[in-house]
Amino acid sequence: MQTRRETLKQSAVLAGLLAAAGFPGFAMAAFNKAGFDAKSVQDATKAFGASSLAESKDVTIIAPDIAENGAVVPMGASTSLPGVKQLLILVEKNPSTLVAAFNVNDAVDANFSTRAKMGQSSDVYAVAIMADGKALWAKKEVKVTLGGCGG
Amino acid sequence: MKTVFPLSIAAAMALALTPAMAQKTASQGIDEYRAMLADGNPAELFEAKGEDLWKKARGPKNASLEKCDLGKGPGVVKGVFVELPRFFADTQRVQDLESRLASCMEMLQGFNAAEIAKTPFGRGEMANVTSLATWVSAESKGLKFNLSQSHTQEKTFYEVGKRLFFQRGGTHDFSCASCHGEEGKRIRLQDLPILTKSPGDGLGFAAWPAYRVSNGQMWSMQLRLNDCYRQQRFPYPGFGSDATIALSTYLGVNAKGAASIAPAIKR
Amino acid sequence: MSDPMRIRAQATGGKATVRVLMSHEMESGQRKDAAGKTVPAWFIQEVTATLNGKQVLSAEWGPAVAKNPFMQFNIKSAKAGDKVAVTWKDNKGETRTDEATVS
Amino acid sequence: MKKNTLFVLTGLATALLLAGCATGPSVAELNALTNQIVKSSFRDQSHVKLTRLTETDETNLACSEADVAGKPLDDKTARAIEAVNMKTIKWPSDGKFIGDWKEGEKIAQSGRGLTWSDSATMESGGNCYNCHQIDKKEISYGTIGPSLYNYGKIRGVSDPASPASKAMVEYTWGKIWNAKAYNACSNMPRAGHMGILNETQVRHIVGLLLDPKSPVNQ
């Protein structure tokens, strides 16, 4: 229950930010549907309230150069910057770009890893959504190859 | 901050991707990818399930498998994986891990082993056999393969398995040896273990059951052989059939001295 | 009913590295079955974690997270014996919580 | 479990034990037992029939036996097998050897067809990249067969239509149609002879290897 309440609280804050940034009509929901439906890195980060996008060497994306199989591709996002609210992991050429969004708080390092599906070779992004509304990104190209017989 | 991935990955990632080095980089890239996956193998999920299934009272006889004899006496699990297939006096048959588990499920729990053998991989009690095999294999992690060849049937199965390994057929004339007869070969980017002798620790027979990332399934040795035969364009080998067990005997005996890494993670 | 998660939490230097494996199909909603019908999306949507009952992590996932998901994160202040609990909830409303002790 | 198999096997094994005395079963007995086990272990699945194993030809039987023995076929047998296979090669009906290399590349990439999980009616791929390097751009290639990059260029084929290229063009066609015509126990499938690829597909593959415009020859 506490989980639910906290998530809702965050969403309320988020919706407020979005309204301020010029996104009226954004549905208040625990799950950021707009973010996960977005077809581009830009649209996905906008859905998390970011007003500007910039590359940053203080954000790190970890992913392999080559994935033997697109079904499971390890990816990690991290940053040492203070004032980060969320860390997003995105795959540019997936049908929907956003893979996962991790909320950052004082209790955890801003460093998360998971594994994503990739439909094809693509740039993958780590995006840090900052408290000041900036979105800072790092990207890396991951080649998806055919590892086996192709049968 | 704790380093999440091994240092070798960072080193591999620092390499520039120049065309002249493209091939070298490709295989290094694959190694890096595999290293990243090795930590956190979803096979653990199946291992946990298998252990639970072993201890739980189930089936028409509402009994656990804790009295199952996998070759080293009733209830002994550690070390059995690296000695299978072997001859069992009660069934008068050479059996691999999976066919033996099905026998135990019949004898102790009252399941019908023939029905289990007919169940598709990944379904019903067949999925349970796979989970059980995953757990049993994990209990021998790091141990070296050492199959018995003392019983006549074990020797005969080795010889039959050898013939099956070299049997060319189907539309493509493939035998197991077409891909696994020479050292250092690969299909596409996939390294192929040589299987006419021990390919080394954790390779070939010593690497299955394995979690396949390409389809998110847990693959037992029976399924590994089944899919090899499918891609060889051969007809369908029955689960636990003499051919699959004879072939496993050949591979297992050849793997002598190789340390098991099962359950592994594979492409 | 869903299968249990595997949670490993290891303490080093006052921090705990938590690795979690979850048993879930993570159906993308993009795939077609043998009959050519789209298989509906079915995926873990929310993940939360607590340390000794206090929330330390919350995340939102989409269907592009791989089947049988893996997740790793670090809790800043944790020691051996602490309890880490992880909860997931999928888009069908099914939920599961498992707990592990920091070692 | 599997009472029938068990019965057959124990029956046979007992017979072998009695007949084979202390040294164990003879080679002939083991071969017979293997055939018996193949019949009882494999079954039809979809369009893939057991006859793919039970009716395999002399070429495969001879090569399998040599593999088990661990020594290559004697020269005379090898030449005889090659001659039999040479006779099966169907040369292009319209005299055209060189097809569209772009289509050839697609066929070379595909490893599908003729398994029990494939549709019985689909056009099969050539499986070429599984074993060979071909176009340098494809980094995912196998090494069971030799690299075919620059295949035509290395062999001096600058104009496949010229008389100077005739022998090489024909060899390439023949090798793809029936590899065993040139090397009795080659690992390479007999793509045309076994009906894996049709004449049009073989033509496209020859184009991929020999057309000077193909990326293979750049």
Side-chain angles (χ1 to χ4, degrees), chain B residues 19 22-23 25-26 91-94 99 102-103 106 112-114 116-117 152-153 155-156 159-175 177-179 181-182 184-190 192 196 229-238 240-246, chain D residues 1-3 5-6 8-10 13 16-17 24-25 30-31 33-34 37-38 40-46 48-53 56 59-61 63-68 111 113-117 124 127 129-131 136 139-144 180 185-190 194-196:
Chain B
Q23 199 45 52
T25 312
T91 53
Q92 281 294 301
R93 218 189 145 207
V94 178
S99 61
S103 292
E106 178 165 297
N112 181 334
I116 295 173
T152 317
Q153 274 207 40
K155 279 186 236 168
T156 302
E159 284 299 325
V160 170
K162 184 178 183 182
R163 279 155 180 79
L164 293 166
F165 185 83
F166 289 109
Q167 180 184 30
R168 299 176 185 227
T171 51
H172 288 56
D173 304 338
F174 290 145
S175 70
S178 306
C179 290
E182 275 183 77
K185 299 289 180 185
R186 56 173 221 235
I187 278 187
R188 290 277 185 170
L189 284 173
Q190 189 71 35
L192 296 161
T196 51
Y229 274 132
R230 181 184 68 84
Q231 299 204 58
Q232 260 174 269
R233 276 74 182 175
F234 275 30
Y236 196 96
S241 59
D242 289 334
T244 59
I245 293 171
Chain D
M1 63 177 295
K2 303 213 63 165
K3 296 264 159 41
T5 320
L6 183 60
V8 168
L9 178 69
T10 39
L16 288 171
L17 260 178
L30 285 167
N31 290 347
L33 180 59
T34 304
I37 283 179
V38 164
S40 66
S41 297
F42 290 88
R43 61 168 165 81
D44 296 352
Q45 175 86 349
S46 178
V48 179
K49 306 295 180 205
L50 180 60
T51 49
R52 282 197 189 177
L53 290 183
T56 192
T59 300
N60 276 332
L61 291 176
C63 292
S64 301
E65 206 176 317
D67 291 342
V68 172
L114 294 165
T115 73
W116 70 63
S117 58
S124 297
N127 278 296
Y129 277 102
N130 284 339
C131 300
K136 202 137 208 181
I139 58 162
S140 180
Y141 62 84
T143 59
I144 294 169
K180 270 82 171 174
C185 294
S186 167
N187 268 335
M188 187 163 149
R190 296 171 284 184
M194 297 299 284
I196 301 163

Any donor-acceptor pair under 3.5 Å linking the side chain of D:R190 with the backbone of D:I196?
no
Heavy-atom pair of closest approach, residues B:R93 and B:G240
NH2-O, 2.8 Å
Under a 4.5 Å cutoff for heavy-atom pairs, which residue among B:Q167, B:H172, B:Q232 has the most contacts with chain D?
B:H172
Measure distances from D:K136 to the heavy atoms of chain B and classify the residue's part below 4.5 Å as side chain, backbone, both or neither.
neither
If you look at every heavy atom in B:E182 and B:K185, which pair is closest and at what distance?
OE1-CE, 3.5 Å
Chain D heavy atoms under 4.5 Å from B:L192: which part of the residue, side chain, backbone, both or neither?
side chain
Per-residue tally against chain B (heavy atom, under 4.5 Å) across D:W116, D:F42, D:Y129 peaks at D:W116
Scored by heavy-atom pairs under 4.5 Å with chain B, the best of D:C131, D:S124, D:G113, D:S186 is D:G113
Atom of B:T91, atom of B:S103 and distance for their closest heavy-atom approach:
CG2-OG, 4.1 Å
Side-chain donor/acceptor of B:R163 to backbone N/O of D:L33, under 3.5 Å
no
Top contributor to chain B interface from D:T34, D:V48, D:T56 [non-hydrogen pairs under 4.5 Å]
D:T34
Under the side chain to side chain contact (heavy atoms under 4.5 Å, CB included) rule, what do D:I144 and B:C179 come out as? Steps first, then yes or no, please.
CA-CA 7 Å; D:I144 294 169; B:C179 290; 3.9 Å; yes
What part of B:F165 is in contact with chain D, defined as an atom under 4.5 angstrom from a non-hydrogen atom: side chain, backbone, both or neither?
neither
Heavy-atom contact with chain D under 4.5 Å, split by part of B:K162:
both
Check each atom of D:V38 against the heavy atoms of chain B and say whether the ones under 4.5 Å are side chain, backbone, both or neither.
side chain
Output, in order, the C-alpha distance, side-chain angles, deciding distance and verdict of salt bridge (Lys or Arg N to Asp or Glu O under 4.0 Å) for B:E159 and B:K155.
CA-CA 6 Å; B:E159 284 299 325; B:K155 279 186 236 168; over 6 Å; no
